[in-house]
Amino acid sequence: MKKLLGKLLIFIMALVIAACGFIVLCEFNPDMKKAASVASNTLGEYIKSQNEEENIEESAALASSEDNESEKEVFEFLNLTLTDASSAVSSVTVTQIEEKEFSQYQSEWNSSGINKEIVSKVTTPEVNQDLNEDASDDTAYYQITDNMTDYAVTQRNAITLETAEELQDALKDAGMGYLGKDEDFPASYYPYYHMLTDKCKQLYRQIYGNASNYKDTFLPVTTATPEEWNNAYMSVVFDHPELFWLNTEMYTEYDYKGNVVKVKISFYNEELGNIPEAKEKFDSAIAVIVEGAKDLKSAYDKEVYIHDKLAQKNTYKKGSMDQSAYSAIVNDETVCAGYSKAFQYLMQKLEIPTYLVVGWGGGLVSGDMHAWNIVKLGDAYYNVDVTWDDQEPINYNYFNLSDTNFHRHIRMYNSQYLPSCNGKKYSKAPKN
């Protein structure tokens with residue numbers, strides 16, 4: 001029994017360490033609080049039962065037998081608990097609170113589910129990156145813009161189902177929801193949809209259909225790996241800024257034998273209250289801005305108007321909905337994600353093809369994940385970064401530039417498959 005108690009002590013110490021991870025984790029995933037509570041209660045009951053056993057006189061042979069069985073039970077429980085805790089903390093907490101470097105983000109990208117023809121045809125833009133500056137670089141303007149990089153890459157909370165019973169329980173009372181079969185996504189406005197394989201296009205339409213109808217939990221319409229599902233999900237996020245109630249920072253997937261069998265996406269329910277009412281407010285604010293631009297003479301003039309309007313009305317500030325277009329359109333406080341998604345949607349409403357671009361902004365030492373836009377004027381494409389142009393006064397240092405001249409920006413993820421920007425006609429600041 002002494003041997004068992006020694007093992008049990010080690011187990012308790014290890015569990016305390018895991019519990020610390022759980023405490024941090026619960027701040028990001030409230031669903032884990034219940035699991036942590038169950039684990040704590042189970043441990044309490046287990047220790048209580050072991051203490052009661054110590055007070056019972058038994059023969060040496062029986063004690064030896066019980067020691068072996070109890071030791072097996074302890075380490076089975078230890079392995080299960082710590083494995084789950086380690087997996088959860090690694091996949092959720094660390095990715096949320098640790099700052100990563102460019103190379104780490106870059107290495108995480110998986111192109112599974114992307115049409116291989118798109119991948120093979122892509123040409124790497126000749127970008128003047130200007131990223132390898134010294135950490136002591138005191139260029140005032142770069143110091144300002146490099147701190148305006150707060151795009152939150154979507155994280156996955158993966159729950160692995162080990163048995164058929166767990167699978168059955170996870171699928172209980174769940175359905176596929178809205179499949180989006182009749183949805184149409186023209187390539188000129190929704191490029192990320194057209195980068196996907198046929199399988200992932202099915203997933204994309206389903207994700208869009210369920211998000212549009214405020215359904216957050218559903219079963220994938222087709223068999224898909226986590227990487228395929230993630231790419232379909234990110235493509236919806238990149239293509240559809242109007243889904244402002246979709247919290248793009250995290251979703252939960254349930255995996256069984258290498259496939260996603262159930263997903264739960266997140267909405268800004270608490271922040272928005274009534275989503276349909278928030279949508280009315282959002283659409284009304286959009287209509288007012290569009291009304292001010294629609295009668296302008298050219299697409300270029302409309303672009304300047306939207307660029308300046310967003311810069312005038314917004315303050316760069318982090319907030320609970322700063323990854324949503326709603327923060328820039330209604331709240332007037334946002335970060336790069338909000339500026340870019342709002343610009344994308346307003347330009348779409350004016351029938352000017354405009355895309356969200358996600359990548360690295362700033363220097364390799366001072367930068368971070370960032371979002372900006374590509375706009376199509378005539379037959380050519382141009383880079384626009386409204387966020388970095390929102391200075392006092394508003395400037396046009398990052399307005400309608402080619403890839404070659406678009407300093408301190410690197411496209412990442414499926415944004416690298418967007419058209420190259422080499423337009424010249426509209427690569428100019430507006431006249432005052």
Item to complete: Fit a plane to each ring of Tyr190 and Phe185, take the angle between them on a 0 to 90° scale, and name the class: parallel (under 30°), tilted (30 to 60°) or perpendicular (over 60°).
Response: perpendicular
Discussion item. Testing Thr387, Asp368, Val335 one by one against Met148 for a side-chain contact (heavy atoms from CB on, under 4.5 Å), which residue passes?
Written reply: Thr387
Discussion item. In terms of relative ring orientation, are Tyr192 and Phe238 parallel, tilted or perpendicular, with 30° and 60° separating the classes?
Written reply: perpendicular
Practice prompt. Answer with yes or no whether the side chains of Asp385 and His370 bring together a donor and an acceptor at under 3.5 Å.
Written response: yes
Worksheet item: What pairs with Lys428 under side-chain contact (heavy atoms from CB on, under 4.5 Å), at least two apart in sequence or on another chain?
Response: Tyr300
Worksheet item: Can you tell me if Asn373 and Tyr339 form a side-chain donor-acceptor pair at under 3.5 Å?
Response: no
Discussion item. Counting the benzene-type ring for Trp, do Trp388 and Phe399 have ring centres under 6.0 Å apart?
Written reply: no
Worksheet entry | Side chains of Phe267 and Asn247 in contact at under 4.5 Å (non-hydrogen atoms) | no
Worksheet item: Do Tyr268 and Trp245 have their ring centres less than 6.0 Å from each other?
Response: no
Practice prompt. List the steps and the verdict of side-chain contact (heavy atoms from CB on, under 4.5 Å) for Glu303 and Leu350.
Written response: CA-CA 9 Å; Glu303 178 197 11; Leu350 291 166; over 6 Å; no
Worksheet entry | Trp372-His409 aromatic ring centre distance below 6.0 Å | yes
Worksheet item: Between Gln312 and Asp390, is any side-chain donor less than 3.5 angstrom from a side-chain acceptor?
Response: no
Worksheet item: Does a donor on one side chain and an acceptor on the other come within less than 3.5 Å for Tyr413 and Asn231?
Response: no
Response to the item:
Value for CG (Asn405) from NZ (Lys424), rounded to nearest 0.5 Å, stands at 10.0 Å
Worksheet item: For the rings on Tyr396 and His307, is their centre-to-centre separation under 6.0 Å?
Response: yes
Worksheet entry | Intermediate values then yes/no, side-chain hydrogen bond (donor to acceptor under 3.5 Å, both in side chains), Asn110 and Glu228 | CA-CA 9 Å; Asn110 186 302; Glu228 289 172 329; over 6 Å; no
Discussion item. If the condition is side-chain contact (heavy atoms from CB on, under 4.5 Å), which residues does Asp301 pass it with, not counting sequence neighbours?
Written reply: Leu296, Lys297, Ser298
Worksheet item: What side chain to side chain donor-acceptor pair (under 3.5 Å) pairs are there with at least one residue in residues 320-331, not counting sequence neighbours?
Response: Ser327-Thr334
Worksheet item: For the ring pair (Phe, Tyr, Trp, His ring centres under 6.0 Å) test, which of Tyr193, Tyr204, Tyr345, Tyr233 pairs with His240?
Response: Tyr204
Practice prompt. Say whether Asp403 and Asn422, considering side chains only, have a donor N or O and an acceptor N or O under 3.5 Å apart.
Written response: no
